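Chain letters run A, B, ... following the sequence lines, proteins first and then strands; every chain starts at 1. Keep in mind it's a predicted model, so treat the numbers as computed, not measured.
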2 protein chains.
Amino acid sequence: MVATVLHSRVVNALGSDIVGGRLAVGTALTLEGIQARFDVSRTVAREGMRILEAMHLVTSERRNGIVVQPAESWNVFDRRVIRWRLDSETRPAQLRSLTELRIGIEPFAAHLAAARATEDEKDALRQAAGEMRVFGEAGRLDRYLAADIAFHRTVLRASHNEMYVALIEPVIEAVSERPLHGHSHAYPVPAAMDLHEAVMLAIADGDGAAAESAMLGILSDVRSGIGAALPDGDATAG
Amino acid sequence: MVATVLHSRVVNALGSDIVGGRLAVGTALTLEGIQARFDVSRTVAREGMRILEAMHLVTSERRNGIVVQPAESWNVFDRRVIRWRLDSETRPAQLRSLTELRIGIEPFAAHLAAARATEDEKDALRQAAGEMRVFGEAGRLDRYLAADIAFHRTVLRASHNEMYVALIEPVIEAVSERPLHGHSHAYPVPAAMDLHEAVMLAIADGDGAAAESAMLGILSDVRSGIGAALPDGDATAG
DNA sequence: TCAGGATAAAAGGTAGCACCTTTGACCCCC
DNA sequence: GGGGGTCAAAGGTGCTACCTTTTATCCTGA
């Protein structure tokens with residue numbers, strides 16, 4: 001990916017360094033240092049720094065320079081921050097956070113979708129649920145998974161709440177990761193197809209409570225897969 | 001509030017104009033226009049634009065200028081975006097979105113908190129629940145509400161999931177707004193105190209399922225207060 | 001020991017230039 | 001008359017130079 005704009009190189013490199021922990025919290029950079037490291041002008045260094053500042057990865061302090069901020073202040077919903085974390089050694093922690101987020105929001109998203117889904121969205125759900133059935137029974141894992149992803153994406157979109165919609169990509173990231181963990185339920189099982197169908201039917205029916213509880217059913221094995229205890233340290237730390 | 005940095009004036013003015021709908025989607029600004037409007041140098045205009053671009057409120061295109069982006073691409077979890085929306089005519093839509101977000105995440109946050117809360121956090125919950133009882137019975141609405149807010153803040157923090165933690169301020173915004181809507185349950189009622197106490201005890205006990213279901217109880221009247229149907233147009237549009 | 005001033009580091013801000021990309025108008029040729 | 005090439009303008013991108021402002025630190029002197 002060729003950086004069409006120069007400052008994106010700076011942002012990507014410094015951003016992933018900070019998020020990946022290679023730049024310790026409290027470290028002070030200077031514009032001059034950035035200029036030298038990336039061989040760019042002051043303008044580019046400043047604009048890149050402004051972008052990192054908007055993500056709350058750094059603050060700019062007179063006399064001190066550009067200071068790396070602790071994880072608590074990061075914009076953890078920024079797509080780039082999520083991407084950098086997924087590409088770093090804290091990938092497992094990021095995936096666990098995303099999965100927990102998914103568990104939290106998908107049930108009520110389904111509830112809202114039952115009240116608000118458009119006809120097009122209901123059609124998309126029917127199609128996705130149908131494909132899960134067909135490809136699941138045919139053993140086409142890749143197509144099955146694609147339909148699964150389309151299903152969950154559509155439910156969130158059909159919630160017609162812009163905050164849930166904004167969480168589509170993060171949630172899809174968590175959904176997609178599942179099979180790589182070797183969970184038993186990663187492969188198509190009839191129960192999963194039934195539950196997705198139940199969610200779809202409840203949404204088509206406008207039955208919010210039923211949609212919510214069926215979605216809870218889908219998530220139940222994801223819930224059991226989450227170790228509630230934190231492995232080491234703290235999820236918020238990395 | 002005097003803007004200590006010049007570009008924040010630009011960001012605030014343009015950001016709230018865009019979010020408030022006073023700058024239509026697709027409108028093209030130019031750096032020169034921004035310079036003239038705010039009487040700032042090109043550097044300041046550019047840095048402000050970079051910040052707005054990081055929030056996905058605008059994109060910068062050669063020859064076209066700085067183009068206002070549609071709401072779907074906004075960083076809706078950015079504090080400034082939320083603030084601007086709350087200060088605009090779309091405040092009710094933003095509050096509804098926030099309330100729905102709250103309904104989604106608080107139950108599972110309580111579940112996680114039961115597994116992860118530190119002793120300090122449990123103490124804070126005990127204290128908050130106790131104050132709700134005392135000030136509720138004494139009719140001290142302001143103190144009651146402050147304790148309520150502290151309670152919900154602490155539950156989210158105790159989830160030790162950085163994404164839930166990052167949602168504290170938005171959720172508190174929704175919690176704080178409740179009384180202004182004149183809901184019957186805005187004033188201290190024994191049932192609310194009991195439920196908060198139940199959440200606190202379940203978390204102290206490490207009983208995730210109980211914490212989650214007690215939190216669902218707290219949210220039940222908030223749920224019934226949400227009109228599932230969208231009033232006019234679409235929540236994602238404003 | 002501590003107050004106060006001098007020093008200097010580094011961001012904030014201004015100005016102006018060269019360059020690149022895109023777009024749209026214009027013109028020529030078929 | 002229409003298609004394609006050419007050219008100029010618009011406007012962001014990037015660079016340099018220079019001045020201002022803030023503030024951490026150090027040094028001096030009471």
Side-chain angles (χ1 to χ4, degrees), chain A residues 1-15 17-18 22-70 73-75 80, chain B residues 1-15 17-18 23-70 73-75 79-80:
Chain A
M1 189 174 73
V2 178
T4 92
V5 275
L6 227 32
H7 63 247
S8 70
R9 261 185 54 228
V10 177
V11 170
N12 272 309
L14 292 180
D17 278 356
I18 292 170
R22 292 183 296 283
L23 267 175
V25 173
T27 306
L29 308 167
T30 67
L31 287 177
E32 204 165 4
I34 294 170
Q35 287 184 68
R37 172 170 165 194
F38 296 97
D39 190 28
V40 292
S41 72
R42 194 174 178 80
T43 308
V44 171
R46 283 172 68 161
E47 292 185 7
M49 182 270 294
R50 285 280 172 257
I51 293 168
L52 293 171
E53 194 179 44
M55 298 186 209
H56 299 113
L57 297 186
V58 302
T59 60
S60 173
E61 299 173 14
R62 281 197 150 132
R63 167 85 195 198
N64 285 341
I66 292 127
V67 181
V68 176
Q69 294 300 108
S73 43
W74 298 348
N75 245 339
R80 281 166 295 192
Chain B
M1 188 174 74
V2 178
T4 90
V5 275
L6 272 188
H7 62 248
S8 70
R9 259 185 54 230
V10 177
V11 169
N12 273 310
L14 292 180
D17 277 357
I18 292 170
L23 268 175
V25 173
T27 305
L29 308 168
T30 66
L31 288 176
E32 206 165 2
I34 294 171
Q35 287 184 70
R37 172 170 167 193
F38 297 98
D39 191 28
V40 293
S41 70
R42 198 168 182 78
T43 307
V44 171
R46 285 170 66 162
E47 291 184 7
M49 183 270 296
R50 286 278 173 256
I51 293 168
L52 294 171
E53 194 179 45
M55 298 185 206
H56 298 112
L57 297 187
V58 300
T59 59
S60 173
E61 299 173 14
R62 284 204 160 158
R63 166 87 193 196
N64 286 340
I66 291 125
V67 181
V68 177
Q69 294 301 108
S73 43
W74 298 348
N75 244 339
R79 291 174 68 135
R80 281 167 294 191

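To the nearest angstrom, P of C/dC17 lies 13 Å from CZ of B/Arg42. In this entry the distance linking CD of A/Glu32 with C1' of C/dG12 reads 15 Å, nearest Å. Atom-to-atom, CG of A/Leu31 to C1' of C/dA11 comes out at 7 Å; the value is rounded to the nearest Å. Atom-to-atom, CD of B/Gln35 to C1' of C/dT14 comes out at 10 Å; the value is rounded to the nearest Å. Rounded to a whole Å, the CD1 atom of B/Ile51 is 13 Å from the C1' atom of C/dG12.
Across residues 54-70 of chain B, B/Arg62, B/Arg63 each have a non-hydrogen atom less than 4.0 Å from an atom of DNA chain C (numbered order).
For the atom pair CG of A/Leu29 and CD1 of A/Ile18, the computed distance is 6.5 Å after rounding to the nearest 0.5 Å. One finds the CD1 atom of B/Ile51 at 11.5 Å from the CE atom of A/Met55 (value rounded to the nearest 0.5 Å).
Residue A/Leu29 is in sugar-phosphate contact alone, with no base atom involved, counting any heavy-atom pair closer than 4.0 Å across all strands shown.
Counting heavy atoms from C-beta on, the side chains of B/Ile66 and B/Leu31 come closer than 4.5 Å.
Of all nucleotides in DNA chain D having an atom under 4.0 Å from a heavy atom of chain B, the first and last in 5' to 3' order are D/dA9 to D/dG14.
Screening B/Leu52, B/Leu14, B/Val68, B/Val11 for a side-chain contact (heavy atoms from CB on, under 4.5 Å) with B/Leu57, the sole residue that qualifies is B/Leu52.
At distances below 3.5 Å, at least one donor-acceptor pair connects side-chain atoms of A/Glu53 with backbone N or O atoms of A/Ser60.
Nearest-nucleotide mapping onto DNA chain C: of A/Thr43 and A/Arg50, the residue sitting toward the 5' end is A/Arg50.
The environment of A/Arg37 atom CZ is dense: over 12 non-hydrogen atoms of other residues, nucleotides or ligands sit within 6.0 angstrom. Atom CD of B/Glu61 sits in a crowded spot, with more than 12 heavy atoms from other residues, nucleotides or ligands closer than 6.0 Å.
Between A/Gln35 and A/Arg42 the shortest heavy-atom distance is OE1-N, 3.4 Å.
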